[in-house]
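Naming: A, B, ... by sequence-line order, numbering from 1 per chain. Predicted, not measured: the structure shown is a model, and the values here were computed from it.
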Number of protein chains: 2
Amino acid sequence: MITVYSEEHRLRNARTELHGGQLVPPHECPERAQYVLDRVSAVGLGEIVAPTRYGLEPVLRVHDRGFVEFLEHAAAEWAAAGNRGEAIPDCWPARRMAQRRPNSIAGKLGYYAMAGETSITPGTWEAARAAADAALTGAERLQGGARAAFALCRPPGHHAARDLYGGYCFLNNAAIAAQSLRDRGAARVAILDVDFHHGNGTQDIFYERDDVLFVSLHGEPAEAFPYFSGYADETGAGAGTGFNLNLPLPRATGFDAWRAALAGGLKRIRSFAPEALVVSLGVDTFAGDPISFFRLQSADFASYGGMIAACRVPTLFVLEGGYAVAEVGVNVVNVLTGFEQA
Amino acid sequence: MITVYSEEHRLRNARTELHGGQLVPPHECPERAQYVLDRVSAVGLGEIVAPTRYGLEPVLRVHDRGFVEFLEHAAAEWAAAGNRGEAIPDCWPARRMAQRRPNSIAGKLGYYAMAGETSITPGTWEAARAAADAALTGAERLQGGARAAFALCRPPGHHAARDLYGGYCFLNNAAIAAQSLRDRGAARVAILDVDFHHGNGTQDIFYERDDVLFVSLHGEPAEAFPYFSGYADETGAGAGTGFNLNLPLPRATGFDAWRAALAGGLKRIRSFAPEALVVSLGVDTFAGDPISFFRLQSADFASYGGMIAACRVPTLFVLEGGYAVAEVGVNVVNVLTGFEQA
């Protein structure tokens with residue numbers, strides 16, 4: 001399958017992540033994409049292509065315009081306000097407070113953030129746009145008849161909601177791609193999120209819709225980031241009721257239990273009969289991941305790639321998380337080769 | 001007037017505040033209280049007494065029990081989870097996310113926080129309890145017939161809501177004192193908040209009540225912390241409609257405009273005919289304050305102390321903010337002597 005990749009991901013290169021009460025080097029770092037790209041080349045997965053530029057229109061199909069404009073200008077506004085560190089929110093609209101966007105950049109950060117670990121830095125916007133373009137390029141290939149494509153997106157996207165960023169995510173690459181598939185004619189699109197963390201942003205974007213099914217396997221929210229999304233009883237609303245399937249799993253879940261949950265999710269996807277499938281491919285389910293708590297081994301990733309292939313739906317893989325940096329390439333590409341060889 | 005003061009405030013001694021994207025020494029530091037105490041002594045304001053211990057019952061009259069238990073154990077739980085820095089939230093329930101309390105300490109921090117600058121540290125709980133006791137002790141003196149009392153509280157309290165901490169605040173000392181005045185027989189209690197920042201916590205606690213009037217002068221929320229509270233159209237709800245008066249003021253407000261707003265606030269208080277008045281006394285309206293944007297001079301504080309005295313209501317002053325540390329003592333005590341001499 002093709003891999004869509006842009007060097008612009010390197011523009012997302014924050015110095016600091018708020019983690020454990022300290023400012024540490026970010027877990028979501030440029031080396032992650034390099035390891036994946038190297039592995040794609042090493043196994044000869046297929047052609048590596050640069051993304052097409054699609055402009056903002058497909059982004060604005062799932063994100064709020066004020067939010068997108070905020071992302072574009074936040075780093076410059078923050079610097080202009082005289083702040084010395086990277087842009088990190090320190091106040092937000094909590095329960096019963098006003099959901100009004102302030103004018104000051106410090107207030108806007110809190111208004112648009114759902115997490116504070118994710119510094120906004122110069123270059124973040126450009127990298128996020130290029131990642132969205134990579135996902136859109138992969139989606140276009142599916143509609144050109146490809147069985148599968150891999151969007152090597154960085155920064156990731158699945159925590160970004162209609163008007164919220166955080167969890168290392170700014171634009172929701174998978175959601176933008178899924179919407180583009182709908183807009184180009186696919187009647188039903190399914191999104192399968194296998195990242196360790198719940199794809200709260202993707203859930204949020206499609207929560208009231210029955211044309212995009214969202215299925216997610218993830219660490220149970222009472223114990224795992226993003227904490228405030230991903231419960232099993234979040235099943236959709238309005239027309240979307242029944243089109244959001246959360247499969248939270250406990251600490252120390254190994255591959256047997258994880259695979260059983262995946263089988264249930266794939267069953268729901270098959271019954272939905274999608275014309276395209278988008279996989280939010282995070283590999284932080286790996287036993288060695290430093291910020292997660294499942295126990296998958298590298299060979300397990302190839303195994304579940306084959307399970308996804310058995311759906312026989314054109315499939316776009318979109319890179320999400322995975323922070324055992326040196327193993328990210330092997331684990332991601334194992335999913336893709338497992339899919340190809342099934 | 002008497003000053004209620006406990007050395008236990010020194011137990012609140014965080015090393016880090018998240019500010020401008022960096023971890024810096026906290027603006028809200030023990031030296032603040034020492035400067036105030038020294039100035040109280042220097043001018044001979046009156047007797048300095050230790051707080052009585054009241055236990056948790058009066059605290060639980062305004063705060064959620066789960067929240068109070070969280071505050072008591074948060075620092076220990078955070079350390080036990082292996083975190084190396086001080087306890088700072090990095091994820092919270094943003095728009096449309098689930099308002100469910102997670103089990104993990106990182107999740108609980110985000111659930112109970114409205115701001116991330118405020119590290120929770122060992123000793124924070126003990127200091128916060130002692131500050132609440134200081135406010136309660138001052139309130140008891142009013143009901144013993146005193147014209148006024150000063151609770152030299154640290155940490156401050158007015159950003160703490162029923163189940164939210166942040167803005168350097170944990171327990172809402174002023175709200176706890178106002179409720180205790182009600183519980184001991186005062187039919188109507190007014191709270192005047194002259195801190196630069198909106199007292200979002202106090203507003204939240206009494207928002208649906210007509211027996212406690214809340215009046216606040218503060219930097220306009222679109223430009224100033226806490227950003228998501230303090231708009232003029234927040235006037236109360238239910239039975240409390242009309243009993244919440246916000247007077248937001250723009251950048252660079254000097255004493256003339258500030259005094260005019262105070263006169264309006266005091267007029268509303270007089271029409272309410274309270275049997276007791278609690279003043280949330282922050283002096284970060286001072287021109288030299290490092291994190292605020294009003295322009296009061298030290299002599300102005302004495303002037304407005306006299307204006308408050310003219311209400312002729314038994315008055316409890318509760319210390320809130322003020323971060324031009326060396327001037328905090330003079331400015332606070334100027335309000336108190338201005339009140340006494342009126």
Side-chain angles (χ1 to χ4, degrees), chain A residues 16-24 78 81-104 106-108 110-120 161-164 166-167 200 204 207 220-231 234, chain B residues 16-24 78 81-104 106-108 110-120 161-164 166-167 200 204 207 220-231 234:
Chain A
T16 58
E17 171 181 337
L18 181 63
H19 178 79
Q22 297 181 301
L23 292 172
V24 303
W78 178 258
N83 295 292
R84 295 186 182 179
E86 294 179 338
I88 303 175
D90 55 21
C91 180
W92 48 85
R95 281 183 290 289
R96 304 182 298 277
M97 297 179 80
Q99 291 286 349
R100 294 181 182 182
R101 186 176 72 165
N103 297 328
S104 75
K108 282 195 279 193
Y111 180 77
Y112 284 125
M114 50 69 69
E117 81 288 82
T118 304
S119 302
I120 298 184
R162 176 164 290 280
D163 58 357
L164 292 166
N200 62 287
D204 176 71
Y207 204 63
E220 54 186 356
E223 301 287 346
F225 185 93
Y227 301 109
F228 308 102
S229 186
Y231 286 93
E234 297 164 4
Chain B
T16 57
E17 172 181 337
L18 180 62
H19 178 79
Q22 298 180 302
L23 292 171
V24 303
W78 178 257
N83 295 292
R84 294 186 183 180
E86 294 179 339
I88 303 176
D90 55 21
C91 181
W92 48 86
R95 281 183 291 288
R96 304 182 297 277
M97 297 180 79
Q99 291 287 349
R100 293 182 182 182
R101 187 177 72 166
N103 298 328
S104 75
K108 283 195 277 193
Y111 181 76
Y112 284 125
M114 50 71 67
E117 81 290 80
T118 304
S119 303
I120 298 184
R162 175 164 290 281
D163 58 357
L164 293 166
N200 61 285
D204 176 72
Y207 203 62
E220 51 185 359
E223 301 288 347
F225 185 94
Y227 301 108
F228 308 102
S229 186
Y231 286 93
E234 296 165 5

Asker: Shorter than 4.5 Å, heavy atoms on both sides: which option in B:A161, B:A106, B:G110, B:A224 has the most such pairs with chain A?
Answerer: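 When all of B:A161, B:A106, B:G110, B:A224 are compared, B:A106 has the most.
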Asker: Hey, could you give me the CG/OG1 distance between A:L23 and B:T16, rounded to the nearest 0.5 Å?
Answerer: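 If I round to the nearest 0.5 Å, the distance is 9.0 Å.
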Asker: Shortest non-hydrogen contact from B:A222 to A:P102?
Answerer: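 Looking at all heavy atoms of both residues, the shortest contact is O-CB, 3.4 Å.
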Asker: Return the option, out of B:S119, B:G107, B:A94, with the maximum number of heavy-atom pairs under 4.5 Å with chain A.
Answerer: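 Sorted descending by pairs with chain A, the first entry is B:G107.
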Asker: If you round to the nearest 0.5 Å, how far is SG of B:C91 from OH of A:Y227?
Answerer: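 Reported value, rounded in 0.5 Å steps: 7.0 Å.
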Asker: Measure from the side-chain N and O atoms of A:R95 to the backbone N and O of B:Y111, and report whether any donor-acceptor pair falls under 3.5 Å.
Answerer: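 Yes, the answer is positive, given that a donor and an acceptor are paired below the 3.5 Å cut-off.
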Asker: Please determine, among A:A113, A:G166, A:A87, the option with the most heavy-atom pairs under 4.5 Å with chain B.
Answerer: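 Option with the top pair count is A:A113.
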Asker: Treating B:W92 as the side-chain partner and A:G116 as the backbone partner, does any N or O pair qualify as donor plus acceptor under 3.5 Å?
Answerer: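 No.
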Asker: I'd like to know which of A:M97, A:R84, A:R100 tops the heavy-atom pair count under 4.5 Å against chain B.
Answerer: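 That would be A:R100.
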Asker: Sort A:N103 into side chain, backbone, both or neither according to what part of it lies under 4.5 angstrom from a heavy atom of chain B.
Answerer: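 For A:N103, the contact with chain B is made by backbone and side chain together.
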Asker: With chain B as the partner, which of A:E223, A:K108, A:R101 has the greatest number of non-hydrogen pairs under 4.5 Å?
Answerer: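 When all of A:E223, A:K108, A:R101 are compared, A:E223 has the most.
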Asker: Between A:E17 and chain B, which part of the residue has a heavy atom less than 4.5 Å away: side chain, backbone, both or neither?
Answerer: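 For A:E17, there is no contact with chain B at all, as no heavy atom is under 4.5 Å.
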Asker: With a 4.5 angstrom heavy-atom cut-off, could you sort out which part of A:P221 is near chain B: side chain, backbone, both or neither?
Answerer: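 Backbone only.
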Asker: If you tally heavy-atom pairs under 4.5 Å against chain B, which of A:L18, A:D163, A:I88, A:T118 wins?
Answerer: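 Between A:L18, A:D163, A:I88, A:T118, the count favours A:D163.
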Asker: Could you tell me the separation between the CZ atom of A:R96 and the CG atom of B:N200, rounded to the nearest 0.5 Å?
Answerer: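 Reported to 0.5 Å precision, the distance equals 10.0 Å.
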Asker: Can you tell which of B:S229, B:S104, B:A81, B:G167 has the highest number of heavy-atom pairs within less than 4.5 Å of chain A?
Answerer: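 So the answer, after comparing B:S229, B:S104, B:A81, B:G167, is B:S104.
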Asker: Non-hydrogen atoms of chain B under 4.5 Å away: do they reach the side chain of A:Q99, the backbone, both or neither?
Answerer: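 Looking at A:Q99, just its side chain touches chain B.
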Asker: Roughly how far apart are A:N83 CG and B:H19 NE2, rounded to 0.5 Å?
Answerer: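 Going from the CG atom of A:N83 to the NE2 atom of B:H19 covers 7.0 Å.
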Asker: Can you see which heavy atom on B:F228 is nearest to which on A:P93, and at what distance?
Answerer: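 Shortest heavy-atom contact: CD1-N, 3.4 Å.
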